[in-house]
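Inspection log for the structure reproduced underneath, given as structure tokens.
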Amino acid sequence: MDGKDPKPKAIRIVPARTNDAEAIAAMGWDIWQCCYYPEVLSRDAMDYLWHRTGNRDRILEEMARGAVYEWIERAANRIGFLAYHLVPDQARMQLSKLYLLPQYHRRGIGARALTHVKTVAEQRGVREIHLYVFKKNRQAVRAYLRAGFIIAKAEISDAGNGYYYDDYMMTCCLDR
């Protein structure tokens, strides 16, 4: 079997609301613990970075600034989420989060979520989608490459408290 569902159930992507922020943060933390430790991040780095960027208050701040959070559902169950925001003056969209519970990896669901993001971007006149992904998150990097993203640059940036982001900035140019 190639990892795809033999009979894929419908995937729905539905808006998240501000009262979902706690559930989003909890799911994100669970996914980070399963998927990032120890191959991508040390326990200390993971704790620091997630609690700095993925907590409920941060999610609420992002929503207030216009970030769109959406649930990924399968058979009426929440199995992941994504977040993006538009940069209209640059005709760009930043995809800041695309997380799936590990048992739904390698089933084509992430690809369907990326197709949704591209459709939203095109409908809003966006010419480019960009994102940051941990270099060590090889599975995600491969998925983005398959979806038409390219590695625009490698970047190491200070995350504070002695920690660093070691990322690829990836972009996908949309044809018009």
Side-chain angles (χ1 to χ4, degrees), residues 2-5 11 13 16 20-63 67-74 77-85 92-118 128-172:
D2 66 359
K4 303 262 192 279
D5 284 336
I11 299 302
I13 299 179
D20 292 326
E22 188 71 41
I24 292 167
M27 180 182 279
W29 177 239
D30 289 345
I31 291 169
W32 269 45
Q33 290 184 85
C34 293
C35 298
Y36 288 179
Y37 177 77
E39 290 83 14
V40 176
L41 294 170
S42 69
R43 174 67 62 191
D44 290 344
M46 189 175 68
D47 289 344
Y48 176 77
L49 296 174
W50 181 258
H51 293 294
R52 181 175 176 256
T53 63
N55 66 63
R56 181 186 72 81
D57 292 339
R58 179 64 183 258
I59 291 167
L60 288 170
E61 289 171 15
E62 289 176 357
M63 287 176 161
V68 175
Y69 276 78
E70 295 176 317
W71 289 110
I72 302 168
E73 296 181 345
R74 181 174 182 252
N77 294 310
R78 291 175 174 170
I79 63 168
F81 64 94
L82 53 90
Y84 55 84
H85 72 269
R92 291 178 66 168
M93 174 188 281
Q94 179 174 346
L95 177 61
S96 58
K97 295 174 179 62
L98 174 50
Y99 296 125
L100 284 173
L101 294 171
Q103 62 267 36
Y104 296 100
H105 288 189
R106 298 175 190 234
R107 295 180 180 208
I109 296 169
R112 286 184 253 171
L114 286 170
T115 298
H116 165 78
V117 169
K118 288 177 182 179
E128 180 181 274
I129 302 170
H130 71 275
L131 60 87
Y132 288 88
V133 59
F134 291 118
K135 289 178 193 173
K136 289 183 179 179
N137 190 349
R138 290 179 185 92
Q139 182 177 331
V141 171
R142 281 192 305 270
Y144 292 128
L145 290 169
R146 279 193 307 271
F149 284 78
I150 62 164
I151 297 171
K153 65 180 173 177
E155 187 173 290
I156 298 174
S157 58
D158 187 6
N161 210 30
Y163 296 103
Y164 294 87
Y165 292 105
D166 190 8
D167 294 331
Y168 289 128
M169 196 268 268
M170 299 183 76
T171 62
C172 179

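No side-chain heavy atom of D20 sits under 4.5 Å from any side-chain heavy atom of I59. Proximity of D166 to K136: side-chain heavy atoms (C-beta onward) are nowhere separated by under 4.5 Å. At least one side-chain heavy atom of L98 sits less than 4.5 Å from a side-chain heavy atom of Y144. In this structure, the side chains of T171 and M169 come closer than 4.5 Å at one or more pairs of heavy atoms. With contacts defined as side-chain heavy-atom distances shorter than 4.5 Å, the pair K135/E155 does not qualify. Contact annotation: the side chain of L101 never approaches that of R74 to less than 4.5 Å [non-hydrogen atoms, C-beta and beyond]. I150 is not listed as a side-chain neighbour of Y168, based on a closest heavy-atom distance of 4.5 Å or more. Between C35 and Q139 the shortest side-chain heavy-atom distance does not fall below 4.5 Å.
Heavy-atom minimum distance, A45 versus S42: N-OG, 3.1 Å. Residues A23 and R78 approach most closely at CB-NH1, 4.5 Å, considering heavy atoms. For the pair A147 and C172, the tightest heavy-atom approach, listed with the atom from each and the gap, is O-SG, 4.4 Å. Heavy atoms only, all atoms of each residue included: A83 and L95 are closest at O-CD1, 3.3 Å. In terms of heavy-atom proximity, V133 sits nearest to A140 at CG2-CB, 3.9 Å. Closest heavy-atom contact between I72 and A113: CD1-CB, 3.9 Å.
To the nearest 0.5 Å, atom CE of residue M170 and atom NE2 of residue H130 are 13.0 Å apart. In this structure, the separation between CD on E62 and OH on Y69 is 3.5 Å, given to the nearest 0.5 Å. Interatomic distance, CE of M46 versus CH2 of W29, reported as 4.0 Å (0.5 Å rounding). For the atom pair CD (E22) and CG (N55), the distance works out to 9.0 Å, reported to the nearest 0.5 Å. Atom CD1 of I31 is separated from atom NZ of K97 by 12.0 Å, given to the nearest 0.5 angstrom. The CG atom of L82 lies 9.0 Å from the CG atom of L100; values are rounded to the nearest 0.5 Å.
Evaluated for a ring pair (Phe, Tyr, Trp, His ring centres under 6.0 Å) with Y48, the options W32, Y163, Y164 yield exactly one hit, Y163.
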| field | Full working for side chain to side chain contact (heavy atoms under 4.5 Å, CB included) between I24 and Y99 | value | CA-CA 10 Å; I24 292 167; Y99 296 125; over 6 Å; no
| message | Set out, in order, the CA-CA distance, both residues' side-chain angles and the distance that settles side chain to side chain contact (heavy atoms under 4.5 Å, CB included) for T53 and Y165, then state yes or no. | response | CA-CA 12 Å; T53 63; Y165 292 105; 3.2 Å; yes
| Going through the checks in order, is the side chain to side chain contact (heavy atoms under 4.5 Å, CB included) test met by F149 and L114? | CA-CA 10 Å; F149 284 78; L114 286 170; 4.2 Å; yes
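Around atom CZ of R138, no more than 12 heavy atoms belonging to other residues, nucleotides or ligands sit under 6.0 Å away.
Ring to ring, F134 and Y36 are close: their centroids are under 6.0 angstrom apart.
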